[in-house]
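Quick caveat: nothing in here was measured; it's all calculated off a predicted structure. Letters A, B, ... are given to chains in the order of the sequence lines, protein chains preceding strands, and every chain is numbered from 1.
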Amino acid sequence: MTVGIVLVSHSAKLAEGLAELAAQMAPDVRIVPAGGLPDGGGIGTDYDEVVAAAQRADSGDGVVLLYDLGSAQMTAELAVESLADPSAAVVVDAPLVEGAVAAAVAAQGGANAKTVGEAAASAGVAP
Amino acid sequence: MTVGIVLVSHSAKLAEGLAELAAQMAPDVRIVPAGGLPDGGGIGTDYDEVVAAAQRADSGDGVVLLYDLGSAQMTAELAVESLADPSAAVVVDAPLVEGAVAAAVAAQGGANAKTVGEAAASAGVAP
Amino acid sequence: MACTAEGVAAALRAAAEVIAEHRTELVDLDRAIGDADHGENLSRGFTAIVSALETGVPETPAGVAKLAATTLISKVGGAAGPLYGTAFLRASAKLGDAAEIDVPLLLDALRAALEGVQARGKAVGGDATMVDALIPAVSAAEGAADGTIADVLTAAADGADRGAESTVDLIPRKGRASYLGERAVGHMDPGARSTALLLRAFAEAAR
Amino acid sequence: MACTAEGVAAALRAAAEVIAEHRTELVDLDRAIGDADHGENLSRGFTAIVSALETGVPETPAGVAKLAATTLISKVGGAAGPLYGTAFLRASAKLGDAAEIDVPLLLDALRAALEGVQARGKAVGGDATMVDALIPAVSAAEGAADGTIADVLTAAADGADRGAESTVDLIPRKGRASYLGERAVGHMDPGARSTALLLRAFAEAAR
Ligand SMILES: Nc1ncnc2c1ncn2[C@@H]1O[C@H](COP(=O)(O)OP(=O)(O)O)[C@@H](O)[C@H]1O
Ligand SMILES: Nc1ncnc2c1ncn2[C@@H]1O[C@H](COP(=O)(O)OP(=O)(O)O)[C@@H](O)[C@H]1O
Ligand SMILES: [Mg+2]
Ligand SMILES: [Mg+2]
Ligand SMILES: [Mg+2]
Ligand SMILES: [Mg+2]
């Protein structure tokens, strides 16, 4: 099993495209996009979708959540607090795209949630 | 007039979604997504699209190109070299999402290409 | 109006009306230094609160505050959602199972709301956010502790108005406006303005 | 086969066949430490070169190399596009208006190709990329400077094979594989492998 990843964005397209990109190098990792307002309502974050995404991303080994802007960070943090076991998920300060790819590769390699989060946080400009 | 921005990504959705997100705070800036292989061909970069995007983004004040992964960086650099005036465009090492928002806001404020690029390069985790 | 569950519900309905009236103003404030959606975001949130209250008003003031919190968190879609949501959540926790809010409890709830916003958004006074409206609102409310609920809320609204005004001269350090740096100076923070509007609506409802 | 424009075109057609044959192998190598598209990317690129050559073979070897460069840059869609594209572009510039490539010119072109790849991708020897195939290929080619074009290319291909093999033990420091760090050890770099395949195809075509 692997650590799951949730991509919290203001844009559905951004989150979905990034999930595809990160999945290329991490076929066995649950990477769940959570972007945009509900029902194609445009740019914004959807707390309920983030909660559902965090639940879906968790296969028992924990979840790392990444976000685009500050309000997505707050939404992600609230979502984590609402989980049955908030300690199973962690919101990481990381550049979204670079962090998602690094986190996905780390998760694919079987790293635990702490290590996956660190991989995201220390991701810089792409090699 | 304002500096234009090109978002070079392996994913069409990612580039388009990010362009929408960045445009929210920069309605007067030309932000042109260039993501994915041609004709919905999936994940990859399209040199010809990047060249076209750089041309479209330039309203006379120069262009800043941001990218997701290393191969997108190389594609962007080749595209810039092929422009009629390569000095009008610059590929910037920056976290893609955070850099795009920061660059868009700087461009909206009338900053020149150098300052827009610096805003992107120094963008960290979102405030 | 007694500060029962029904009273709190009535205050929220009044707030929804005020937000609807000031929707364009809040959008315009947010257009200048943000993404032009603060009015839209709050409208969506407070409209949803009104709908939820139509289905049934919870039994306690805490229950009503909790319903406001969860609705705002789910519906607002912007920074104001988790921020005001956390404010109402913390206030609700303070209200406990009281059937009616008295002045000391109101002050506790206001303080908890401010703490919640700061815990959630990490902004301090002077960062040009809604915190700059809430800090003077809470101080002014504490200064009016001898009065009625309406007096306390009016003082809070007056404080919030002054606080919102103060954001005009500040360089934003949190939220989207912080991307603009000095270019944001000269503009009132939309969240500070909406905080003042909400507290004024609550004060009027309490008369 | 004389190393005229037609000869270079024939070598590229042969390379396209070899890439097609090894497509799955390259995809599998890239699946282990990348995104499983290197075989697909190169297939797309070389198929497009063959099509372009059907429309007409340019007059000089430089023209053919330039056509290969621009086609790879446009069609490959992955890191190999700008890298091999720049290699052919730099080689083309060295070839100038020569009607036929002789050994000294071939060596110049090979060196220019290596320099181009390094200028584009900033990789040095030991980073576990195609550069690790190209460096020994160029050295071996230089060592065979007394032989024919075919001898030089065969030596280059032999060098590239050894170089590709050497990437198995390296920790990648450039490209996608660098995300894997030590986990990539034990796997051959797909770009180094394709470099060896291309040089071998050119060598066979030159017999
Ligand atoms: N970190 C924060 N701490 C406190 N208040 C904040 C913070 N970030 C944003 N705000 C407040 O939120 C308001 C913007 O709300 P809104 O427009 O709904 O969100 P968004 O910026 O996501 O579009 C700002 O005017 C500011 O008052
Ligand atoms: N910066 C670089 N310098 C040299 N070679 C590189 C670099 N980045 C990638 N490569 C080469 O490109 C190969 C991968 O090509 P390909 O799969 O087409 O690209 P992508 O990684 O974009 O999917 C790697 O095996 C490596 O040899
Ligand atoms: Mg806003
Ligand atoms: Mg918004
Ligand atoms: Mg690949
Ligand atoms: Mg690829």
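Considering only residues two or more places apart in sequence or on other chains, C:Pro136 meets the side chain to side chain contact (heavy atoms under 4.5 Å, CB included) condition with none of them.
Proximity to chain C involves both the backbone and the side chain of A:Leu78, based on heavy atoms less than 4.5 angstrom apart.
Judged as a salt bridge (charged side-chain N to carboxylate O under 4.0 Å, His left out), the pairs with a partner in residues 15-32 of chain A (not counting sequence neighbours) are, in order, A:Glu16-B:Lys13, A:Glu20-B:Lys13. Each salt bridge (charged side-chain N to carboxylate O under 4.0 Å, His left out) pair with one or both residues in residues 56-67 of chain A, not counting sequence neighbours, would appear here, but there are none.
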Are there donor-acceptor pairs under 3.5 Å across chain A and chain C? List atom names and distances.
residue	atom	partner	partner atom	Å
A:Thr45	N	C:Gly77	O	3.0
A:Asp48	OD1	C:Ser74	OG	3.1
A:Asp48	OD2	C:Ser74	OG	2.9
A:Glu81	OE1	C:Arg120	NH2	2.8
A:Glu81	OE2	C:Arg120	NH1	3.0
A:Glu81	OE2	C:Arg120	NH2	3.3

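For C:Gly121 against A:Met74, the heavy-atom pair with the smallest separation is CA-SD, 3.8 Å.
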